[in-house]
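Index from 1, following the sequence. Side chains are part of it too, since the values below use all heavy atoms of this structure and drop only hydrogens, waters and symmetry mates. We count ligands from 1, going down the list as the structure has it; atoms in each ligand are counted the same way.
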Amino acid sequence: MSIHCATAVAHPNIAFIKYWGNRENTLRLPSNGSISMNLAGLFTRTTVQFDPSLESDQVILNGTTPPYPTIQRITSFLDIVREMAGKQTPARVVSENNFPTGAGIASSASAFAALGLAASQAAGLKVTEPQLSALARRGSGSACRSIPGGFTEWLTGSGDRDSFAVTIASADHWKLYDCIAILEVDHKPVGSTQGHSLAATSILQSARVADAPRRLDICRHAILTKNFENLAEIAEQDSNLMHAVMMTSSPPLFYWAPTSLNIIKNVPTWRKENLPVFYTLDAGSNVHLICPEPYQDQVIKRLMDIPNVQNVLIAPPGGPASLAQG
Ligand code: DP6
């Protein structure tokens with residue numbers, strides 16, 4: 001392997017306490033801290049090669065050239081890496097997800113975590129895990145949580161250098177499963193970057209942000225003590241709070257599909273029937289149902305019985321972003 005080329009692999013993550021809104025958009029400094037779990041089995045694999053014979057950056061995502069705004073976002077991110085390394089060489093980026101694209105699973109977290117690790121390694125930079133996490137954050141906020149392994153917390157920090165994610169519990173600490181209900185929907189949702197910039201237009205956002213330290217404490221403690229009931233309660237509340245902000249921003253954002261609400265309404269009933277499970281939704285209609293081992297098969301079965309659930313993907317906690325063979 002030439003030192004100008006590197007390949008990295010990173011998992012997406014699911015947030016139990018959500019990131020929604022920035023206090024500074026360009027640097028992606030979040031309005032509140034967040035906590036998530038990396039998703040094993042799902043990953044983005046990215047190779048970066050700096051090549052002086054190229055005129056500009058070349059990008060291939062899942063076998064094809066992506067739309068221009070995507071290339072621009074990647075080039076802007078590579079510019080940060082180039083500036084850190086004091087070089088101007090264009091790069092060839094080849095990236096693939098092993099999960100279906102267009103299925104509505106956020107891939108920007110795994111994408112910018114893998115790109116950040118591969119690009120910094122290919123550029124010859126020596127970076128610590130927190131530095132790498134802060135770098136990935138510049139590409140996509142949630143990507144900073146996919147650099148460390150297991151259950152991670154993104155610390156808001158005071159600026160660019162100390163706004164990064166750390167592991168709060170390793171992947172083998174607690175065998176939770178994320179059962180992702182993929183729904184049949186035909187519209188493309190408003191992307192999270194646009195959504196973050198609307199958050200402050202909701203009068204509910206300041207209350208949501210002010211209360212975030214309380215929710216983070218409860219969530220962190222529930223993870224460390226493996227208290228599923230407390231985790232379930234705080235994660236559902238946090239997801240509902242974020243969606244309340246989304247629905248009350250100007251313009252309002254409605255991510256739930258009728259089937260999302262159908263599942264949300266079923267989950268408390270399932271819990272009363274002694275099936276430990278909770279729901280959380282990101283900027284899309286897919287519903288993530290979290291349960292401890294060995295309940296995943298029961299959760300999948302109940303989900304598949306709901307009309308319009310197309311497929312269920314399943315993921316236990318995943319490790320950190322890592323370098324791989326090209
Ligand atoms: C709803 O990290 O995708 O999934 O920084 O603009 O790329 P950008 O936003 P992104 O936002 C994630 C929003 C969320 C909640 C979360 O994962 O915390």
Would you check if there is a donor-acceptor pair between the side chains of [Y] and [X] at a distance under 3.5 Å?
X	Y	value
D172	S170	yes
W256	S285	no
H196	N22	no
S36	R145	yes
T128	Q131	yes

query: Tell me, do I35 and L216 make a side-chain contact under 4.5 Å, heavy atoms counted?
result: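 In short, these two side chains touch, coming nearer than 4.5 Å.
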query: With side chains defined as the heavy atoms from C-beta onward, is the minimum distance between I314 and D178 less than 4.5 Å?
result: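 No, their side chains stay 4.5 Å or more apart.
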Examine [X] against ligand 1 and note whether any of their N/O atoms are separated by less than 3.5 Å.
X	value
W20	no
H196	yes
N13	no
K18	no
G139	no

For ligand 1, is [X] a contact, meaning one of its heavy atoms is under 4.0 Å away?
X	value
S108	yes
R73	yes
A109	no
M242	yes

Ionic contact status for R92 with D51, cut-off 4.0 Å: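 Looking at R92 together with D51, the answer is yes, because their closest N to O distance falls below 4.0 Å.
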query: Salt bridge between R302 and D305, side-chain N to carboxylate O under 4.0 Å?
result: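 Salt bridge between R302 and D305, a charged N being under 4.0 Å from a carboxylate O: no.
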Show me which atoms of ligand 1 lie under 4.0 Å from any heavy atom of [X].
X	answer
S140	2 (O), 3 (O), 5 (O), 7 (O), 8 (P), 10 (P)
A283	1 (C)
A15	16 (C), 17 (O), 18 (O)
T193	6 (O), 7 (O), 8 (P)

field: Geometric class of the F228/F278 ring pair [parallel <30°, tilted 30-60°, perpendicular >60°]
entry: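 Rings of F278 and F228: tilted, as their planes differ by 30° to 60°.
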task: Could you pull out, from F16, W154, Y19, the option with a heavy atom nearest to atom 18 (O) of ligand 1?
output: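 Looking at heavy atoms only, Y19 sits closest to atom 18 (O) of ligand 1.
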- request: Under 4.0 Å, heavy atoms only, figure out whether ligand 1 is touched by the backbone of R138, its side chain, both or neither.
  value: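 No part of R138 comes within reach of ligand 1.
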- prompt: Just heavy atoms, cut-off under 4.0 Å: does S34 contact ligand 1 by side chain, backbone, both, or neither?
  reply: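 Under 4.0 Å from ligand 1, S34 contributes no heavy atoms.
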